[in-house]
Amino acid sequence: MWRRTYLFLVLVRLWFALSPSYLHPDENFQGPEVIAGQIFKYPVRHTWEFTSENPIRSVFPLWPVYGLPMLLLRWLWIGNGNDGEIPPIAVFWTLRVLMFVVGFVLEDWAIYELIRSPRHRRLAVLLVASSYVTWTYQTHTFSNSIESLVVAWCLVLIERIVGSPQESTVLASTVLGVVAVFGVFNRITFPAFLLIPGLRLLPYYFKNPLSFLAIVTAGLFTTGLAIALDTAFYTPHSITWSDLIHNPVLTPLNNLIYNLDPENLAKHGLHPWYQHILVNLPQLLGPGALLLFTRPQLSLRLYSAISGIVVLSISQHQEARFLLPTVPLILSSVRLPKSEKLTRIWTVSWIIFNFIFGALMGTYHQGGVIPAQVFLSKQPDATQAVWWKTYSPPIWLLNGKNEVLTTKDVMGLAGDKLLAQLTELATCDLPADRRSNEYKRHLNMDDLDFGEDGVWNTLERVVGRRGLGIWRVTRTCPERRGSWR
């Protein structure tokens with residue numbers, strides 16, 4: 001029975017991977033858009049993380065995660081006799097399928113290895129597979145999603161090292177050195193999840209210097225490679241040994257320095273220290289959070305999650321997705337209620353919670369942004385796109401249209417100021433040629449304003465009038481060019 005349930009949940013995960021929800025702009029701007037511009041020469045937009053004087057994002061983890069699949073896709077495309085560049089939307093869906101496959105294989109495999117009890121293993125696999133976080137966040141191209149896999153496999157490698165004979169741990173230590181450095185360059189928060197588990201390695205490496213030498217050597221080599229790639233990416237000319245020695249680009253250090261400054265964090269939103277514990281964790285786990293406090297099972301995985309939550313709670317900027325690595329760790333470290341009746345109640349609440357949040361985050365959350373970009377890429381006479389009350393769209397999906405179409409994000413602009421801008425941008429068109437489009441499976445949770453509009457009016461606008469509309473804004477005159485929103 002549990003195998004059939006698990007296979008069904010895998011199909012659910014795939015369905016959500018192929019749904020065009022848009023959880024956060026970072027799932028494009030911090031990864032695929034950067035590499036797509038390098039490989040396919042799509043016109044792209046680099047965000048401040050890549051354009052500041054001291055860039056804080058490394059391209060080292062982006063190449064193996066997104067670059068290699070894109071290169072393979074291009075090779076297959078050309079090998080099949082196709083001319084021209086691959087349509088960006090094909091690359092977009094390829095990466096979504098890739099994230100599904102990588103998550104399905106590596107995450108579930110890690111859980112299988114970390115849990116020895118077959119009964120507990122089955123429960124853990126089902127809980128993780130039935131979590132909406134697995135269906136949605138983990139199938140999107142977030143650096144947090146990659147971090148979840150890196151943390152899980154570092155724990156696997158730690159278990160292998162401390163539980164194996166010395167002669168077989170040199171290879172595991174080498175791999176751990178490479179993976180750990182990859183994790184640091186992917187997200188500076190990564191070491192927080194290994195603080196407690198890493199302590200298990202100290203007495204082992206004290207007794208086994210050869211394995212310690214292996215992890216240090218692999219870590220230093222990988223660090224040097226990562227710094228070289230970042231320096232080459234951010235240096236406007238071909239780099240030399242002098243650049244690597246005297247002017248290396250140290251993105252993790254820049255990231256750490258940036259995030260230690262409260263003024264920088266204030267630009268992105270400040271939160272109380274308990275935001276992760278009392279708000280973000282329940283939002284991700286739902287009824288699973290109750291089991292964490294009532295039925296925990298002590299394990300290396302749980303210690304990893306706890307250390308990560310504690311360290312991340314020190315920061316004043318706290319988003320729910322920062323806790324993604326904790327979700328499989330916690331769900332694989334809890335037990336169901338002792339009472340059969342309570343177990344049934346908990347199971348029903350778990351299903352309802354994940355069904356609601358799965359539909360919300362996996363289908364409706366900013367779900368019209370991606371289809372809108374595809375629609376705009378097919379409009380030959382559109383020259384201006386003004387995005388209001390939505391997330392910033394990934395312009396690489398415009399398929400070269402962004403060479404003539406200017407995308408402007410005015411998400412929080414007041415309505416009267418928006419109309420003033422549209423009046424200035426509007427060009428001439430015939431009244432009969434006013435095409436528009438609307439995507440109904442789109443919900444804008446960032447438009448909630450209960451304080452100013454009241455609860456009912458806000459819900460009526462956001463939920464009752466949900467959807468993303470694209471309107472042609474023109475003035476009546478002989479010409480046939482227009483601006484879009």
Side-chain angles (χ1 to χ4, degrees), residues 9 12-13 16 23-24 103 107-108 110-111 114-115 120-139 142 144-145 147-148 151-152 155 189 192-193 195-197 271-315 317-362 365 445:
L9 293 173
V12 171
R13 194 187 314 188
F16 278 109
L23 299 177
H24 195 281
E107 186 174 64
D108 295 15
I111 293 173
L114 288 169
I115 302 176
H120 185 203
R121 183 189 296 155
R122 288 194 293 268
L123 173 62
V125 168
L126 287 179
L127 286 179
V128 174
S130 60
S131 169
Y132 87 92
V133 174
T134 303
W135 305 341
T136 57
Y137 285 97
Q138 200 61 39
T139 59
F142 283 114
N144 312 90
S145 304
E147 185 181 30
S148 298
V151 169
L155 297 182
T189 56
F193 297 96
L195 284 181
I196 298 179
H271 304 97
W273 66 267
Y274 52 81
Q275 177 78 18
H276 275 323
I277 300 174
L278 298 184
V279 179
N280 295 338
L281 205 59
Q283 178 183 326
L284 295 174
L285 296 177
L290 296 176
L291 298 183
L292 172 62
F293 295 104
T294 60
R295 297 281 290 167
Q297 186 173 55
L298 299 182
S299 64
L300 191 68
R301 304 178 303 281
L302 186 58
Y303 296 144
S304 174
I306 291 173
S307 67
I309 294 170
V310 171
V311 174
L312 291 177
S313 295
I314 298 174
S315 173
H317 179 63
Q318 303 178 21
E319 297 181 31
R321 61 192 173 95
F322 295 170
L323 297 182
L324 288 192
T326 68
V327 173
L329 302 180
I330 292 174
L331 291 179
S332 62
S333 303
V334 296
R335 294 167 294 179
L336 294 178
K338 292 182 179 181
S339 166
E340 185 176 343
K341 180 179 179 180
L342 289 178
T343 296
R344 286 198 298 268
I345 294 175
W346 184 91
T347 302
V348 171
S349 65
W350 174 251
I351 293 173
I352 294 174
F353 168 79
N354 286 289
F355 175 81
I356 293 174
F357 273 81
L360 175 63
M361 304 303 292
H365 191 275
M445 301 298 291

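Small disclaimer: the values here were computed from a predicted structure and weren't measured.
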Asker: So, for L284 and Y132, which heavy atoms are closest and what is the spacing to 0.1 Å?
Answerer: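 That closest heavy-atom pairing would be O-CE2, 3.5 Å.
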Asker: Could you pull out the closest heavy-atom pair between S304 and V151, with the gap in Å?
Answerer: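 So the minimum-distance heavy-atom pair works out to OG-CG1, 3.9 Å.
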Asker: Given side chains that start at C-beta, do those of T294 and L291 come closer than 4.5 Å, heavy atoms only?
Answerer: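 In short, these two side chains touch, coming nearer than 4.5 Å.
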Asker: Which residue pairs pass the ring-ring contact (aromatic ring centres under 6.0 Å, His included) test with at least one member in residues 321-343, sequence neighbours excluded?
Answerer: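 Listed once each, the pairs are H317-F322.
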Asker: Mark yes or no for whether T139, through its side chain, and W135, through its backbone, hold a donor-acceptor pair below 3.5 Å.
Answerer: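 Indeed, once roles are kept as given, a pair shorter than 3.5 Å links the two residues.
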Asker: L329 and S332: which non-hydrogen atoms are nearest, and at how many Å?
Answerer: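 Closest approach of L329 to S332: O-OG, 3.1 Å.
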Asker: Show the nearest heavy-atom pair for residues H276 and E319, with the distance to one decimal.
Answerer: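 Minimum heavy-atom contact is CE1-O, 3.3 Å.
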Asker: If you apply the rule side chain to side chain contact (heavy atoms under 4.5 Å, CB included), what do you find for F16 with M361, and how did you get there?
Answerer: CA-CA 9 Å; F16 278 109; M361 304 303 292; over 6 Å; no
Asker: How long is the span from the CD1 atom in I196 to the CD1 atom in I306, to the nearest 0.5 Å?
Answerer: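 Going from the CD1 atom of I196 to the CD1 atom of I306 covers 6.5 Å.
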Asker: Looking at I330, is its backbone amide N or carbonyl O close enough to the side chain of R301 to form a donor-acceptor pair, meaning the two atoms are under 3.5 Å apart?
Answerer: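 Between the backbone of I330 and the side chain of R301 there is no qualifying donor-acceptor contact (under 3.5 Å).
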Asker: How long is the gap from CG on L342 to CZ on R295, to the nearest 0.5 Å?
Answerer: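 Here the interatomic distance stands at 10.5 Å.
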Asker: Between S307 and V310, does a side chain to side chain contact (heavy atoms under 4.5 Å, CB included) hold up when you go through it step by step?
Answerer: CA-CA 5 Å; S307 67; V310 171; 5.9 Å; no
Asker: Atom NE2 of H120 and atom CD1 of I111: how far apart are they, to the nearest 0.5 Å?
Answerer: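 Rounded to the nearest 0.5 Å, the NE2-CD1 separation comes out at 10.0 Å.
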Asker: Quick one, Q297 with L302, criterion side chain to side chain contact (heavy atoms under 4.5 Å, CB included). Give me CA distance, side-chain angles, the key distance, then yes/no.
Answerer: CA-CA 8 Å; Q297 186 173 55; L302 186 58; over 6 Å; no
Asker: How close do T326 and L323 get, heavy atom to heavy atom, and via which atoms?
Answerer: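 Of all heavy-atom pairs spanning T326 and L323, the closest is OG1-O, 2.6 Å.
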Asker: How many angstroms lie between atom CD1 of I351 and atom CD1 of I356, to the nearest 0.5 angstrom?
Answerer: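 With rounding to 0.5 Å, CD1 (I351) is 12.0 Å from CD1 (I356).
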Asker: What is the distance from atom CD1 of I309 to atom CD of Q318, rounded to the nearest 0.5 Å?
Answerer: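 Separation between the atoms: 10.5 Å.
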Asker: Counting C-beta onward and ignoring hydrogens, is there a side-chain heavy-atom pair between T136 and F357 closer than 4.5 Å?
Answerer: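 Counting from C-beta outward, T136 and F357 never come under 4.5 Å.
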Asker: Drop me the distance from D108's CG to T134's OG1, to the nearest 0.5 angstrom.
Answerer: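 If I round to the nearest 0.5 Å, the distance is 8.0 Å.
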Asker: How far apart are the closest heavy atoms of F353 and Q283, and which atoms are they?
Answerer: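 In this case the closest contact between F353 and Q283 is CZ-O, 3.4 Å.
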Asker: With side chains defined as the heavy atoms from C-beta onward, is the minimum distance between T189 and V311 less than 4.5 Å?
Answerer: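 The answer is no, as the side chains (C-beta and beyond) never meet within the 4.5 Å cut-off.
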Asker: For Y274, is there any backbone N or O sitting under 3.5 Å from a side-chain donor or acceptor partner on S313?
Answerer: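 No, S313 side chain to Y274 backbone: no donor-acceptor pair under 3.5 Å.
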Asker: Mind listing the side-chain donor-acceptor pairs of residues 123-131 below 3.5 Å, one per line with the distance, residues two or more places apart or on another chain?
Answerer:
unit_1: S130; atom_1: OG; unit_2: L126; atom_2: O; d: 2.7
unit_1: S130; atom_1: OG; unit_2: L127; atom_2: O; d: 3.2
unit_1: S130; atom_1: OG; unit_2: W350; atom_2: NE1; d: 2.8
unit_1: S131; atom_1: OG; unit_2: V133; atom_2: N; d: 3.2

Asker: Determine whether a donor-acceptor pair (N or O, by modelled atom type, separation under 3.5 Å) exists between the side chain of S349 and the backbone of W346.
Answerer: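 Checking the backbone N and O of W346 against the side chain of S349, a donor-acceptor pair under 3.5 Å is found.
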Asker: Under the criterion side chain to side chain contact (heavy atoms under 4.5 Å, CB included), I'd like the reasoning laid out for F142 against L23: C-alpha separation, chi angles, the key distance, then a yes or no.
Answerer: CA-CA 10 Å; F142 283 114; L23 299 177; 3.7 Å; yes
Asker: What residues, two or more places apart in sequence or in another chain, satisfy ring-ring contact (aromatic ring centres under 6.0 Å, His included) together with Y303?
Answerer: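 Listed in chain order: nothing, the list is empty.
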